[in-house]
S.K.: 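The following block contains the structure, expressed as structure tokens.
Reminder, nothing fancy here: chain letters follow the sequence lines and each chain counts from 1. Remember, predicted model here, so these are calculated numbers, not experimental data.
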Number of protein chains: 2
Amino acid sequence: MAEALELSTTEQKILEAAKKVFIQKGLDGARLDEIANEAGINKALLHYYFKSKEKLFEKIFDEMIGKLLPDFSAIIESQNPIEEKIEFFVHKYIDFVSENPQLPLFMVTEINRNPQRMKDLLGHTQNFIILQRFAFQMITEMQVGRIKSFNPLHLMLNIMSLCIFPIISKPVIQAILQLNEADLNIILQQRKEEVSRFIREALRP
Amino acid sequence: MAEALELSTTEQKILEAAKKVFIQKGLDGARLDEIANEAGINKALLHYYFKSKEKLFEKIFDEMIGKLLPDFSAIIESQNPIEEKIEFFVHKYIDFVSENPQLPLFMVTEINRNPQRMKDLLGHTQNFIILQRFAFQMITEMQVGRIKSFNPLHLMLNIMSLCIFPIISKPVIQAILQLNEADLNIILQQRKEEVSRFIREALRP
DNA sequence: GTCTATAATTTGATAGAC
DNA sequence: GTCTATCAAATTATAGAC
């Protein structure tokens, strides 16, 4: 309980270092030496706290997976019209991925490389139910004609795509457009408004 | 010249095997043993044809980068209205990434891990110019009021995002929605129409 | 708990026969 | 060109002192 507040135990330092290195280099690319240095300790201690590289990775992976899945619950409970809910979500989610730009690509890559790892975690949780409730809200608003009708699943995929993909492909965009990182970040911040408006226009009846 | 037609030279077999393994496991995760087995030869031959793992990887990487960048030239030359051009592009590009579902994630991951690799290839090529011409066409159509005004850069990012991201995150979607691969593929094929319509609705004046 | 030293294993690369 | 055998380097994992 109190553990969560003690931020500089050796275990915490290792976890932070491992998070940094794994997210940046992936499971295969990460080196235990680098993690140990980053944590200011030595390799042997990694094995003392976590049995193996694989075990340490799983710890990080499990911790991260919860953070990436958007928290729809807040917007679902509110009584605002669906366009406002979506706009709120877009702002919140783009802010989140902008602050953790490497996280989506890390998760998608590692899940792709080992899908089983995720199935164990997500199977039969409440995520599916929350998504269904959000979809149901959309359908209701479509039926009363407040927004244009779309397949709710695809609409949700569209929203997530618009928020996440440009962050994932930052280095590609940067190379093609030949921009420095600061300028590119400004453009990606503009997306909060641009994406909101794009979706709003698509949904207008 | 005739080389391109000889499909089962050892060199070709190696390249195909390397392509398969690198795209699936990345530079760090790929093993020369696996590539050699896949090609039906042995490790030593890999070094005979390509000096090192790195060199072999670069060969694959350079070959793939060209394929992923969309060929805008065809649509740019045509005289159709912009909505039709975009719709044509969406269909073509979703078809392409559906047939090569692992390619976008591979490229984005590797570029992220080593941005320099791409800069050398893309710097000062014609990609930038073609993109500018496409943007210019959009602006023209916006000015005459045929489509709603958007920032052309963001509009292009939106289109690419909608086409690519759901393919990239297939395993994630599959886990959350608990679908088998066949059903998910059907959904992803539907996107050709769904995405086209979504963009069309957003752009309607 | 933390370290140094070292073992064990993996894996990219090379030597040399055919 | 292709193979077997082997090396050398990198990297994960462990033993044992403090």
S.K.: Between the protein and nucleotides 4-8 of chain C, list the N/O to N/O atom pairs that are separated by less than 3.5 angstrom.
M.R.:
from: dT4(C); atom 1: OP2; to: Asn42(A); atom 2: ND2; distance (Å): 3.4

S.K.: Below 4.0 angstrom from OP1 or OP2 of dT2(D), is there any side-chain N or O of Tyr49(B)?
M.R.: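 Yes, within the criterion.
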
S.K.: Using the salt bridge (Lys or Arg N to Asp or Glu O under 4.0 Å) criterion, which residues pair with Glu194(A)? Sequence neighbours excluded.
M.R.: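 Listed in chain order: nothing, the list is empty.
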
S.K.: Just the rounded figure in Å: distance from P of dG1(C) to CG of Leu45(A).
M.R.: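 Computing the Leu45(A):CG to dG1(C):P distance gives 10 Å.
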
S.K.: Run the ring-centre check on Phe22(A) versus Phe106(A) and record whether the distance is less than 6.0 Å.
M.R.: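 Centroid separation for Phe22(A) and Phe106(A): 6.0 Å or greater.
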
S.K.: Strictly below 4.0 Å, N to O, side chains only: are Arg204(A) and Glu83(A) in salt-bridge contact?
M.R.: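 No.
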
S.K.: Testing the 3.5 Å rule here: is there a donor-acceptor pair between the side chains of Asn112(B) and Lys170(A)?
M.R.: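 Distance-only check fails for Asn112(B) and Lys170(A).
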
S.K.: Determine the contact category for Ala30(A): base if any of its heavy atoms lies under 4.0 Å from a base atom, sugar-phosphate if only primed atoms, P, OP1 or OP2 are that close, otherwise nothing.
M.R.: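 Counting heavy atoms under 4.0 Å across all strands, the contact made by Ala30(A) is with sugar-phosphate only.
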
S.K.: If you compare every side-chain N and O of Arg31(B) against the phosphate oxygens of dT10(C) (OP1, OP2), does one of them come in below 4.0 Å?
M.R.: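 For Arg31(B), the contact criterion (side-chain N or O under 4.0 Å from OP1 or OP2 of dT10(C)) is not met.
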
S.K.: For the pair made of CG in Asp28(A) and P in dT12(D), what is the distance, rounded to whole Å?
M.R.: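 Rounding to the nearest Å, CG of Asp28(A) and P of dT12(D) are 10 Å apart.
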
S.K.: Between atom CZ in Phe50(B) and atom P in dG1(D), what is the gap in whole Å?
M.R.: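 Going from Phe50(B) (CZ) to dG1(D) (P), I get 12 Å.
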
S.K.: Roughly how many Å is it from NZ in Lys51(A) to P in dT14(D), rounded to a whole number?
M.R.: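 In whole Å, dT14(D) P lies 7 Å from Lys51(A) NZ.
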
S.K.: Whole-Å distance between dT12(D) P and Phe57(A) CZ?
M.R.: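 These atoms are roughly 14 Å apart.
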
S.K.: Look at Glu77(A) together with Arg133(A) and state whether they make a salt bridge at an N to O cut-off of under 4.0 Å.
M.R.: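 Judged by the 4.0 Å cut-off on N to carboxylate O distance, Glu77(A) and Arg133(A) do form a salt bridge.
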
S.K.: Measure OH/Tyr48(B) against C1'/dA17(C) and give the value in whole Å, please.
M.R.: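 The distance from OH of Tyr48(B) to C1' of dA17(C) comes to 15 Å, rounded to the nearest Å.
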
S.K.: Could you tell me whether the side chain of Arg113(B) and the main chain of Lys25(A) form a donor-acceptor pair under 3.5 Å?
M.R.: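 Present.
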
S.K.: Counting heavy atoms from C-beta on, name the nucleotide in dT12(D), dT2(C), dA13(C) closest to the side chain of Thr10(A).
M.R.: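 Side chain of Thr10(A) sits closest to dT2(C).
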
S.K.: If only side-chain N and O atoms of His47(B) are considered, is one of them under 4.0 Å from the OP1 or OP2 phosphate oxygen of dT14(C)?
M.R.: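 No, no such contact exists.
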
S.K.: Over all strands shown, is Ile41(B) touching base, sugar-phosphate only, or nothing at heavy-atom distances under 4.0 angstrom?
M.R.: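 Sugar-phosphate contact only.
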
S.K.: Would you kindly give the CD1-to-C1' distance between Ile14(B) and dT2(D), to the nearest whole Å?
M.R.: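 Going from Ile14(B) (CD1) to dT2(D) (C1'), I get 10 Å.
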
S.K.: I want to verify a distance call: between dT2(D), dG12(C), dA13(D), whose nearest atom is closest to the Leu32(B) side chain?
M.R.: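 Taking heavy atoms from C-beta onward, the closest nucleotide is dG12(C).
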
S.K.: For side-chain contact (heavy atoms from CB on, under 4.5 Å), just list the numbers for Glu16(B) and Lys20(B), CA-CA rounded to whole Å, side-chain angles, deciding distance to a tenth of an Å, and then say yes or no.
M.R.: CA-CA 6 Å; Glu16(B) 274 172 44; Lys20(B) 181 173 170 184; over 6 Å; no

S.K.: What is the distance, to the nearest angstrom, from the CG atom on Asp33(B) to the P atom on dT4(D)?
M.R.: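 The answer, rounded to whole Å, is 12 Å.
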
